[in-house]
Student: 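Please see the structure below; I have some questions.
Every chain is numbered from 1, with letters handed out A, B, ... down the list of sequences.
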Amino acid sequence: MSEAYNPKTIEKKWQKIWDDERAFHAENDYTKPKMYNLVEFPYPSGQGLHVGHPRPYTAMDIVSRKRRMQGYNVLFPMGWDAFGLPTENYAIKNHIHPKIVTKNNVARFKAQLHALGYSFDWEREVNTTDPNYYHWTQWIFLQLFKKGLAYKTEMPINWCTGCKVGLANEEVVGGVCERCGSPVIQKMQSQWMLKITAYADKLIDDLDLVDYIDRVKVQQRNWIGRSHGAEVDFQIKGKEEKLRVYTTRPDTLFGVTYMVLSPEHPYIEQFKDEIKNYDEIVAYREAAARKSDFERTELAKDKTGVCIDGLTAIDPVNGAEIPIWVSDYVLMSYGTGAIMAVPAHDDRDWEFAKKFGLPIIEVIAGGNVDEAAFTDVQTGTLVNSGFLTGMSVEEAKKAIIEFLDKNGLGTPKTNFKLRDWVFSRQRYWGEPIPIVKCEKCGYVAIPEEELPLELPEVESYMPTDTGESPLAHMTEWVNTTCPCCGGPAKRETDTMPQWAGSSWYFLRYIDPQNDHCIADPEAMKYWLPVDWYNGGMEHTTLHLLYSRFWHKFLYDQGVVPTPEPYQKRTSHGMILGENGEKMSKSRGNVINPDDIVNEFGADTLRTYEMFIGAFDLAAAWSQDGVKGCRKFLERVWKLQDLVTEGDGYTPELETKIHQTIKKVSNDYEEMKYNTGIAAMMTLVNEFYKVGKLTKADYKVLITLLNPVAPHITEELWEKMGFAGRLYQTTWPEFDEAKTVEKMIEVAVQVNGKVRGKVMLPVDVSKEDAIAAGKEAVAARLTGTIVKEIYVPGRLINIVQKG
RNA sequence: GCCGGUGUGGCGGAAUUGGCAGACGCACUUGACUCAAAAUCAAGCGGCUAAUAACCGUGCCGGUUCGAGUCCGGCCACCGGCACCA
């Protein structure tokens with residue numbers, strides 16, 4: 001009898017051996033086929049590891065371990081995304097330097113990850129708060145600055161009243177701060193911006209080059225929000241000036257019955273003398289400005305507006321004189337801040353026209369514009385539209401854009417919803433922006449030799465209500481000289497957002513110690529792109545988009561060798577509490593992974609998280625389910641007592657073994673871990689049914705299981721006296737011919753209902769199969785047979801009438 | 001409102017993509033072992049049934065097909081994202 005399975009000792013033992021043997025170190029051996037697997041590096045929070053972390057980490061660990069055994073040079077690194085507000089807030093509250101807080105948190109996270117037995121190459125560990133790392137984050141910023149893609153501008157920003165910091169649009173969710181839930185207000189502030197919009201087209205188009213799961217691509221496309229249309233000029237009656245609008249439906253130009261300006265449109269000021277009801281319009285503008293984001297959303301259905309008395313526009317295609325309104329349903333921040341309204345074919349314009357009694361002119365037949373706007377672009381035909389009449393929407397669009405262009409009345413135009421990236425944060429615990437402001441020279445980059453520009457020590461990390469970073473109080477640090485003219489200058493005191501360090505970290509893993517550049521170009525050429533990147537859906541329009549942007553910029557600068565950073569992107573589902581709700585302290589349903597490791601072992605936790613359900617869907621925790629997985633590992637452990645000497649597979653299980661190798665190998669690659677584990681459970685059950693197994697049988701089982709449960713299998717490998725280490729062995733092969741059963745049970749249906757079964761040889765002819773099937777259900781064949789179907793290896797269906 | 005996802009036993013979930021619905025696991029029931037319990041092992045386990053008979057059964061309604069969880073049309077519910085983007 002073998003001794004009891006004791007994960008505590010086994011797991012520590014093997015973790016030490018793997019460390020000592022540098023088992024998972026990825027060499028820059030360019031002769032071997034490579035695979036670069038990436039998981040999102042964690043933010044080392046004070047709470048420690050969450051049970052959500054091991055799900056993606058174990059999944060990619062499985063793929064990495066399997067591919068190593070298949071001969072790949074696998075890079076599977078880990079690091080720390082350690083700048084960020086929670087650390088800073090904790091530091092303020094407890095009067096500890098954020099550096100110390102970070103160090104402690106990293107140590108704890110690392111110990112926890114280590115205890116889970118991941119095959120990370122710890123020699124390539126990176127930390128975004130390390131000056132040797134953020135040296136290169138700053139360097140990338142300087143390249144962006146030099147190419148005009150980083151600029152400073154005074155603009156209204158999203159100001160979180162809780163965190164006292166500016167936020168990117170992507171960080172504001174439903175009018176409140178994504179992180180702390182405090183209300184977000186608009187505040188004028190001078191901000192560093194990154195021109196991500198310059199890459200909007202490439203960020204959409206190049207999605208065709210990569211293998212991302214569809215929902216990621218769809219979400220990125222929607223977020224970037226590209227639309228094709230035209231800008232059209234409307235003459236303002238009696239003036240030189242024209243009113244320029246953006247429309248995606250220039251084909252409806254004959255149906256324009258009014259125009260709308262955004263309340264902030266400059267023409268309101270410019271033509272204030274002509275506008276007879278100027279006071280009324282200013283009052284409307286002020287009322288609109290006072291609306292909170294929440295109110296604007298809530299009131300979206302109920303349109304408001306004021307007609308400008310004294311200004312009208314002329315329709316460029318038919319000379320009609322059109323009133324101009326002001327309404328807050330038109331945004332200054334998109335297009336030209338003004339629209340042509342076609343109530344017959346736009347829902348919003350239709351609502352507005354109905355409310356204010358404006359005319360509705362149908363120009364596309366196909367609907368009933370008295371009832372609702374007709375917005376279908378597939379089926380309608382143009383009417384009441386001069387030279388466009390009779391055309392389809394598509395034809396009309398082409399024709400009108402050509403017409404406008406030729407006559408100087410408008411131009412084709414593409415617009416995006418994507419805005420530039422607000423890159424300043426008024427906080428301490430981030431990368432200093434390596435720029436100084438000189439009275440004479442303006443904003444000047446600090447010389448690259450001076451990088452890294454390190455964070456100075458400050459007395460207080462407290463953020464301020466004035467919107468200034470804590471760094472602003474460090475006068476001896478702030479006051480410096482201009483690298484350009486030598487005159488007095490001030491350092492930028494804003495820091496970078498947390499997204500900065502994570503936008504390029506996968507490059508640094510390739511060559512983490514390099515002092516001369518981001519990473520050695522030869523090494524990047526070998527390792528890039530990342531072959532497989534798994535991460536959370538919540539990062540789709542943030543981190544994933546930002547890092548694609550930076551990578552594309554670096555590609556254009558010749559720094560990196562590939563246009564896209566990640567070849568394949570997959571995403572895992574969330575782990576929910578036992579009650580099916582999101583885990584949180586306030587709900588009291590948090591599971592601590594340390595407790596599971598202590599009670600059941602890391603291998604059990606890993607197995608359970610992979611067995612819990614489909615990898616891409618959310619799944620609720622179940623403590624009983626954890627026990628079930630421990631039981632499975634116990635059964636694998638105890639099989640050692642049933643092992644007999646012998647080279648080949650147990651004859652009666654040979655087919656099953658080949659099938660299992662095939663199934664598990666495929667399932668790991670397709671992230672169907674739950675069914676792969678189920679297949680191994682079935683095989684274990686078969687071994688117990690037979691009552692014995694050969695060494696060869698056992699070898700296959702523990703090799704297949706190794707990526708999921710690496711410690712127990714490595715221990716069993718040693719106990720069985722197999723040569724070398726399990727992690728160094730090769731992945732088992734299957735013989736396709738041997739995965740096929742010789743005799744197959746086939747269902748026999750009569751009129752589509754199963755009425756019997758027959759055992760048939762796999763290669764039976766259709767005629768013989770049907771004959772055997774008829775015999776099996778002879779008693780039921782009372783009518784006239786009209787059809788006989790045989791699906792090889794599956795079923796026979798006899799269709800009869802009467 | 002728009003976009004995406006999901007809906008299958010008491011529960012988590014399978015189903016080779018149009019071919020025997022419920023693999024695997026949990027929970028439960030019964031039996032063995034035990035003074036007893038736990039653990040372990042064995043058997044059972046969708047509903048209706050005396051039944052291993054028949055029938056019903058994959059959110060709802062309809063359709064295509066010899067055959068539908070899977071395809072088509074029309075709904076409903078829940079989850080996630082976006083939200084006056086012209």
Student: Roughly how far apart, to the nearest Å, are B/G22 and B/G74 at atom C1'?
Tutor: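 Rounded to whole Å, the distance is 29 Å.
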Student: Verify the contact: side-chain N or O of A/Asn685 to OP1 or OP2 of B/G25, cut-off strictly under 4.0 Å; return yes or no.
Tutor: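 Result: yes.
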Student: Looking at RNA chain B, which of residues 658-670 of chain A put a heavy atom within less than 4.0 Å of it?
Tutor: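 The answer is none.
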Student: Give a yes/no on whether any side-chain N or O of A/Asn674 is located under 4.0 angstrom from OP1 or OP2 of B/A14.
Tutor: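 Looking at the OP1 and OP2 atoms of B/A14, one of them is under 4.0 Å from a side-chain N or O of A/Asn674.
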Student: A/Ile612 has an atom CD1; how far is it from atom P of B/G13, in whole Å?
Tutor: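 The distance from CD1 of A/Ile612 to P of B/G13 comes to 8 Å, rounded to the nearest Å.
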Student: Taking the C1' atom in each of B/C61 and B/G13, what is the distance between them to the nearest angstrom?
Tutor: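 That atom pair is separated by 28 Å.
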Student: Can you tell me how far P in B/A36 sits from the matching atom in B/A50, rounded to whole Å?
Tutor: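 Comparing P positions in B/A36 and B/A50 gives a spacing of 35 Å.
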Student: Provide, to the nearest angstrom, the distance between the CD atom belonging to A/Glu538 and the P atom belonging to B/G5.
Tutor: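 My rounded result for the distance is 19 Å.
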Student: Sticking with atom P, work out how far B/G19 lies from B/C76, rounded to a whole angstrom.
Tutor: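 Taking atom P in both B/G19 and B/C76, they lie 30 Å apart.
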Student: So what does A/Ser622 hit on the nucleic acid, given a heavy-atom distance under 4.0 Å: a base, only sugar-phosphate, or nothing?
Tutor: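 No contact.
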Student: Sort out the partner of B/C71 for me: Watson-Crick or G-U wobble, both distances under 3.5 Å, none otherwise.
Tutor: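 Pairing partner, where one exists within any strand: B/G63.
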Student: For A/Arg221 and B/G4, is the shortest distance between a side-chain N/O and OP1 or OP2 below 4.0 Å?
Tutor: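 Answer no for this pair, as no side-chain N or O of A/Arg221 is under 4.0 Å from OP1 or OP2.
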Student: Send over the distance from A/Phe615 CZ to B/G5 P, rounded to a whole Å.
Tutor: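 These atoms are roughly 18 Å apart.
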Student: For the side chain of A/Gln749, counting heavy atoms from C-beta on, which of B/C20, B/C24, B/A86 is nearest?
Tutor: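 Of the candidates, B/C20 comes closest.
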Student: Pairs of donor and acceptor atoms involving the side chains of residues 739-755 of chain A, under 3.5 Å and at least two apart or interchain, shall be tabulated with distances.
Tutor:
| residue | atom | partner | partner atom | Å |
| --- | --- | --- | --- | --- |
| A/Thr739 | OG1 | A/Glu736 | O | 2.6 |
| A/Asn751 | OD1 | A/Gln800 | N | 2.8 |
| A/Asn751 | ND2 | A/Gln800 | O | 3.3 |

Student: Does B/G7 have a Watson-Crick or wobble partner in any strand here, with both distances under 3.5 angstrom, and which is it?
Tutor: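 Base-paired to B/C76.
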Student: Below 4.0 angstrom from OP1 or OP2 of B/A15, is there any side-chain N or O of A/Lys672?
Tutor: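 The answer is yes; a side-chain N or O of A/Lys672 sits under 4.0 Å from OP1 or OP2.
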Student: Contact class for A/Arg244 (heavy atom, under 4.0 Å): base, sugar-phosphate, or nothing?
Tutor: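 No contact at all - A/Arg244 keeps every heavy atom at 4.0 Å or more from the nucleic acid.
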Student: Closer than 3.5 angstrom, by distance alone: can the side chain of A/Arg606 be matched with the main-chain N or O of A/Val708 as a donor-acceptor pair?
Tutor: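 Yes, the answer is positive, given that a donor and an acceptor are paired below the 3.5 Å cut-off.
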Student: Roughly how far apart, to the nearest Å, are B/A39 and B/U30 at atom P?
Tutor: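 It works out to 15 Å between them.
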Student: For B/C45, give its Watson-Crick or G-U wobble partner with both distances under 3.5 Å, or none.
Tutor: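 Across any shown strand, B/C45 pairs with none.
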Student: Rounded to the nearest 0.5 Å, how far does OG1 of A/Thr197 lie from CG of A/Asp420?
Tutor: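 If I round to the nearest 0.5 Å, the distance is 3.5 Å.
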Student: Tell me whether the NZ or CZ atom of A/Arg635 lies within the 45° cone about the ring axis of A/Tyr688 and under 6.0 Å from its centre.
Tutor: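 Flagged: A/Arg635 positioned over aromatic ring of A/Tyr688.
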Student: Calculate the interatomic distance between A/Phe611 atom CZ and B/A23 atom C1'; express it in whole Å.
Tutor: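 It works out to 10 Å between those atoms.
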Student: For B/C24 versus B/A14, give the span between their P atoms, rounded off to a whole number of Å.
Tutor: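 The answer is 14 Å between these two P atoms.
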Student: Classify A/Gly628 by what it touches in the nucleic acid, base, sugar-phosphate, or nothing, heavy-atom distance under 4.0 Å.
Tutor: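 Sugar-phosphate contact only - A/Gly628 comes under 4.0 Å of backbone atoms but never of a base.
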Student: Nearest-nucleotide wise, let me know which of A/Asn415 and A/Arg755 is further upstream toward the 5' end of RNA chain B.
Tutor: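 Nearest nucleotide further toward 5': that of A/Arg755.
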Student: Using the P atoms only, state how far B/C66 lies from B/C11, rounded to an integer number of Å.
Tutor: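 Result for the P pair: 36 Å, nearest Å.
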Student: If you go through the side-chain atoms of A/Lys417, does one of them form a donor-acceptor pair with the base of B/C82 closer than 3.5 Å?
Tutor: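 No.
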Student: Whether A/Lys631 contacts B/C26 is assessed here as follows: a side-chain N or O lying under 4.0 Å from the phosphate OP1 or OP2. Is that the case?
Tutor: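 Yes, A/Lys631 has a side-chain N/O under 4.0 Å of OP1/OP2 on B/C26.
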Student: Any donor-acceptor pair, under 3.5 Å, between the side chain of A/Lys627 and the base of B/C26, if you only look at N and O atoms?
Tutor: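 Checked by distance alone, the answer is no.
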Student: Counting only side-chain heavy atoms from C-beta out, which of B/C20, B/C82, B/C24 sits nearest to A/Trp223?
Tutor: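 Nearest nucleotide to the side chain: B/C82.
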Student: Work out how far the C1' atom of B/G9 is from that of B/C79, and round it to whole angstrom.
Tutor: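 It works out to 23 Å between them.
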Student: Have a look at A/Val791 and say if it touches a base, only the backbone sugar-phosphate, or nothing, with a 4.0 Å heavy-atom cut-off.
Tutor: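 Base: the residue A/Val791, judged by heavy atoms under 4.0 Å, touches a nucleobase.
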Student: Looking at A/Ser227, does any N or O in its side chain come under 4.0 Å of the phosphate oxygens OP1/OP2 on B/A86?
Tutor: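 Checking A/Ser227 against B/A86: at least one side-chain N or O falls below 4.0 Å of OP1 or OP2.
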Student: Between the main-chain N or O of A/Arg249 and the side-chain N or O of A/Thr252, is there a donor-acceptor pair closer than 3.5 Å?
Tutor: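 Yes, A/Thr252 side chain to A/Arg249 backbone: donor-acceptor pair under 3.5 Å.
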Student: If the plane angle is over 60° it's perpendicular, under 30° parallel, otherwise tilted; pick one for A/Tyr546 and A/Trp421.
Tutor: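 Parallel.
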Student: Whole-Å distance between B/C84 C1' and A/Ile339 CD1?
Tutor: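 After rounding, the gap between these two atoms is 9 Å.
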Student: Report the residue (A/Thr675 or A/Met537) whose heavy-atom-nearest nucleotide on RNA chain B is the more 5′ of the two.
Tutor: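 Of the two residues, A/Thr675 wins.
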Student: Ignoring backbone atoms, establish whether A/Tyr334 has a side-chain N or O less than 4.0 Å from OP1 or OP2 of B/A86.
Tutor: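 For B/A86, OP1 or OP2 has a side-chain N or O of A/Tyr334 closer than 4.0 Å.
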Student: Would you compute the distance between atom CE of A/Met680 and atom CG of A/Leu704 and round it to the nearest 0.5 angstrom?
Tutor: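 Output value for this atom pair is 6.5 Å.
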Student: Whole angstrom is fine here: how far is it from OH in A/Tyr673 over to P in B/G13?
Tutor: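 Going from OH in A/Tyr673 over to P in B/G13 covers 17 Å.
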Student: Measuring only between side-chain heavy atoms, which start at C-beta, is A/Ile798 closer than 4.5 Å to A/Ile785?
Tutor: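 Counting from C-beta outward, A/Ile798 and A/Ile785 do come under 4.5 Å.
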Student: Could you identify the nucleotide paired to B/A38, looking across every strand shown and requiring Watson-Crick or G-U wobble geometry with both distances under 3.5 Å?
Tutor: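 Paired with B/A38, as far as the under-3.5 Å criterion goes, is no nucleotide at all.
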Student: If the cut-off is 4.0 Å, is A/Arg635 near the phosphate of B/C24, judged by side-chain N/O to OP1 or OP2?
Tutor: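 Answer is no, no contact under 4.0 Å.
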Student: What's the NZ-C1' distance between A/Lys753 and B/A53, to the nearest Å?
Tutor: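 Taking NZ of A/Lys753 and C1' of B/A53, I get 14 Å after rounding.
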Student: Heavy atoms under 4.0 Å, any strand shown: does A/Glu634 hit a base, just sugar-phosphate, or nothing?
Tutor: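 The residue A/Glu634 makes no contact with any strand.
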Student: Hey, does A/Ala614 reach any base, or is it just sugar-phosphate, or nothing, if we go heavy atoms under 4.0 Å?
Tutor: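 Here A/Ala614 touches the backbone only, sparing every base.
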Student: Among B/A86, B/C84, B/A54, find the nucleotide with the atom closest to the side chain of A/Arg780.
Tutor: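 Nearest to the side-chain atoms of A/Arg780, counting from C-beta on, is B/A54.
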Student: Check every atom of B/A86, B/C20, B/C84 against the side chain of A/Leu795 and return the nucleotide holding the closest atom.
Tutor: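 Within the option list, the nearest is B/C20.
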Student: Do the charged groups of A/Glu634 and A/Arg630 touch, with an N to O distance under 4.0 Å?
Tutor: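 Yes.
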Student: Let's test this: given Watson-Crick or G-U wobble pairing with both distances under 3.5 Å, identify the partner of B/A21.
Tutor: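 Matched B/A21 with nothing under the 3.5 Å cut-off.
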Student: Using a 4.0 Å heavy-atom cut-off across all strands, classify A/Asn797 as base, sugar-phosphate, or nothing.
Tutor: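 A/Asn797: base contact, heavy atoms under 4.0 Å.
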Student: Anti or syn, where syn is a glycosidic angle within 90° of 0; which label fits B/G62?
Tutor: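 Anti.
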Student: Would B/U40 be called syn or anti, given that syn covers angles within 90° of 0?
Tutor: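 That one's anti.
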Student: Per the side-chain contact (heavy atoms from CB on, under 4.5 Å) rule, which among A/Leu331, A/Asp349, A/Leu243 passes with A/Ile339?
Tutor: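 Only one option passes, and that is A/Asp349.
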Student: Heavy atoms only: give me the nearest A/Pro316-A/Leu253 pair and the separation to one decimal.
Tutor: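 Nearest heavy atoms, A/Pro316 then A/Leu253: CG-CD2, 4.4 Å.
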Student: Which is true for A/Ala618 with a 4.0 Å heavy-atom rule: it touches a base, it touches only sugar-phosphate, or it touches nothing?
Tutor: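 Sugar-phosphate contact only - A/Ala618 comes under 4.0 Å of backbone atoms but never of a base.
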Student: Quick test of your reading of the model: are A/Glu686 and A/Lys656 salt-bridged, counting only N-O distances below 4.0 Å?
Tutor: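 Here A/Glu686 does not pair with A/Lys656 in a salt bridge, since their nearest N and O are not under 4.0 Å apart.
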Student: Which whole-number value in Å describes the distance from A/Leu617 CG to B/G12 P?
Tutor: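 In whole Å, B/G12 P and A/Leu617 CG are 12 Å from each other.
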